[in-house]
Amino acid sequence: PLHDADAFAAMRKAGRLAAEALDMLVPVVKPGVTTGEIDDLVLAFALDHGALPATLNYRGYRYSTCTSVNHVVCHGMPNDKPLRFGDIVNIDVTLIVDGWHGDTSRMYSVGEVSRRAERLMDVTYESLMRGIAAVKPGNTTGDIGAAIQTFAESERCSVVRDFCGHGLGRVFHDRPNVLHYGEPGAGVILEPGMLFTIEPMINLGKPHVKILADGWTAVTRDRELSAQFEHTVGVTETGCEIFTTSPAGLHFPPYDLRA
Ligand SMILES: CCc1ccsc1-c1ccc(O)c(O)c1
Ligand SMILES: [Mn+2]
Ligand SMILES: [Mn+2]
């Protein structure tokens, strides 16, 4: 049977709103703004649109976003520290719309950033898109991970192993786990109707991560830069549909704010 049309319609709505929240932040993310202010804006955006952030009070996490700066790999907590010229920051938003989850994250450049930071963000975005290109019925989650790992490592970057993509829908996290590394043909066979995220974290240095004393913040052990992009996708009869594409075409930096 065709994949569940009602679920896809609901996921399009949730995914689009989460992408619009990230678009809204493009003119906001600049030197001097704090990640706490960014978090407040996303909560207000969600409430203004009748949505709720999925991370708020999720497993004791008390924020509407994750804001992961420079060598923070993921789960960076919003705080009162101003972003600095030259920082790169991942902002991760999951919005619940009519009970359905749209989960997406993007990188933002604060002012201008180094060529190596630019290259890392480009490699990470391309890694995500290579993973998405592997999504079609009959392929497996291992094909997704192998595509990401092969490309990232061909660019002399490394893949974080400690966190993975995940099934979602009316719940935030479900099976299958979607690893960002692995062997072709391994894992779960993809079928039309499956809903999951792909959210590779790519490091300039070694893959190793440690969790800070706050119990959330994951950082690279070697303190080298890390980047992440995340999309929510649905498997169709012929491939997949990306639910979290930027309606404004603002996929990755440097966003041309001069426009
Ligand atoms: C901070 C929210 C959270 C807490 C435990 S895992 C997690 C999280 C954060 C971003 C995500 O994209 C995700 O799938 C889970
Ligand atoms: Mn996310
Ligand atoms: Mn996720």
Side-chain angles (χ1 to χ4, degrees), residues 11 14-25 35-36 38-40 42-43 45-46 51-69 72-79 89-97 100-108 121 124-125 127-128 131-132 135 141 144-145 148 159-181 194-202 209-219 226-235 240 242-246 251-252:
M11 289 297 284
R16 180 182 176 91
L17 192 66
E20 286 172 355
L22 293 182
D23 286 354
M24 174 272 294
L25 292 177
T35 49
I38 288 167
D39 196 67
D40 293 341
V42 169
L43 178 54
F45 178 91
L52 271 178
T55 56
L56 204 50
N57 304 319
Y58 177 74
R59 292 173 43 183
Y61 187 79
R62 296 161 8 112
Y63 305 98
S64 302
T65 62
C66 296
T67 52
S68 303
V69 183
V72 177
V73 168
C74 65
H75 302 174
M77 292 184 288
N79 58 35
V89 54
N90 177 277
I91 302 174
D92 194 329
V93 172
T94 308
L95 295 186
I96 308 172
V97 178
W100 293 82
H101 291 69
D103 183 358
T104 183
S105 82
R106 269 183 234 157
M107 296 303 293
Y108 297 77
M121 294 190 289
T124 305
Y125 183 77
S127 298
L128 169 59
I132 289 175
V135 179
T141 52
I144 298 170
I148 292 168
V159 178
V160 170
R161 276 129 171 96
D162 308 64
F163 305 94
C164 61
H166 50 90
L168 80 175
R170 299 187 65 77
V171 296
F172 191 1
H173 294 101
D174 198 350
R175 55 172 184 65
N177 282 341
V178 180
L179 276 52
H180 301 124
Y181 61 95
M194 289 173 95
L195 305 167
F196 51 81
T197 70
I198 306 174
E199 45 185 296
M201 289 141 278
I202 306 297
V209 163
K210 68 181 169 71
I211 309 294
L212 299 185
D214 62 23
W216 287 115
T217 311
V219 298
S226 183
Q228 181 178 28
F229 283 89
E230 177 177 23
H231 270 315
T232 295
V233 304
V235 184
C240 79
I242 303 174
F243 297 121
T244 43
T245 300
S246 162
H251 299 294
F252 54 84

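If you're wondering where the values come from, they're calculated on a predicted model, not measured in any experiment. One-based numbering, in listed order, for ligands and for the atoms of each.
For Ser105, no heavy-atom contact with ligand 1 is shorter than 4.0 Å. Contact annotation: for Thr94 versus ligand 1, there are no heavy atoms closer than 4.0 Å.
The Mn ion (ligand 3) does not have Asp92 among its coordinating residues (no N/O/S atom, backbone or side chain, under 2.8 Å). For Glu199, every N, O or S atom stays at 2.8 Å or more from the Mn ion (ligand 2). At least one N/O/S atom of His166, whether from backbone or side chain, sits less than 2.8 Å from the Mn ion (ligand 3).
Protein heavy atom closest to atom 8 (C) of ligand 1, with residue, atom name and distance, is His75 NE2, 3.6 Å.
To the nearest 10 degrees, the angle centred on the Mn ion (ligand 3) between OE2 in Glu230 and OD2 in Asp103 reads 80°.
The distance criterion of under 3.5 Å between nitrogen or oxygen atoms is not met by Tyr58 with respect to ligand 1. Polar contact with ligand 1: present for Glu199 (N/O pair, distance under 3.5 Å).
For the side-chain hydrogen bond (donor to acceptor under 3.5 Å, both in side chains) criterion with Thr94, the lone passing option out of Asp103, Thr55, Thr244 is Asp103.
Panel note: side chain Tyr63, backbone Asn79; no donor-acceptor pair is recorded below 3.5 Å. The closest donor-acceptor contact from the side chain of Thr197 to the backbone of Thr232 lies at 3.5 Å or more, if one exists at all.
Atom CD1 of Ile38 sits about 4.0 Å away from atom CD1 of Ile91, to the nearest 0.5 Å. Atom CZ of residue Phe243 and atom CG of residue Leu168 lie 9.0 Å apart, to the nearest 0.5 angstrom. In this structure, Met107 CE and Tyr125 OH are separated by 14.0 Å, a value rounded to the nearest 0.5 Å. Here CG of Leu52 is found 9.0 Å from OG of Ser64. Values are rounded to the nearest 0.5 Å.
A salt bridge is defined here as a Lys NZ or Arg NE, NH1 or NH2 lying under 4.0 Å from an Asp or Glu carboxylate O, and Asp23 with Arg16 fails to meet this definition.
Heavy-atom proximity to Glu230, at under 4.0 Å, picks out these atoms of ligand 1: 12 (O). The His173 neighbourhood of ligand 1 comprises atoms 13 (C), 14 (O), 15 (C), with distances under 4.0 Å to a heavy atom of that residue. Within the listing of ligand 1, atoms 1 (C) sit less than 4.0 angstrom from a heavy atom of Tyr61. In summary, the atoms of ligand 1 found under 4.0 Å from a heavy atom of Asp103, numbered by their order in the structure, are 11 (C), 12 (O), 14 (O). Atoms of ligand 1 lying under 4.0 Å from any heavy atom of Cys66, numbered from 1 in the order shown and given with element: 1 (C), 9 (C). Of all atoms in ligand 1, numbered sequentially from 1 with element shown, those under 4.0 Å from a heavy atom of Asp92 are 10 (C), 11 (C), 12 (O). Atoms of ligand 1 found under 4.0 Å from any heavy atom of Thr55 (numbered from 1 in listed order, with element): 2 (C).
Considering all non-hydrogen atoms of both residues, Val73 and Gln228 come closest at O-OE1, 3.9 Å. Minimum heavy-atom separation, Thr65 to Pro78: OG1-CG, 3.4 Å.
Nearest residue to atom 4 (C) of ligand 1 from Phe163, Trp216, Tyr63 is Trp216 (criterion: closest heavy atom).
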- Glu199 and His180: side-chain hydrogen bond (donor to acceptor under 3.5 Å, both in side chains), yes or no, with the steps? CA-CA 8 Å; Glu199 45 185 296; His180 301 124; 5.9 Å; no
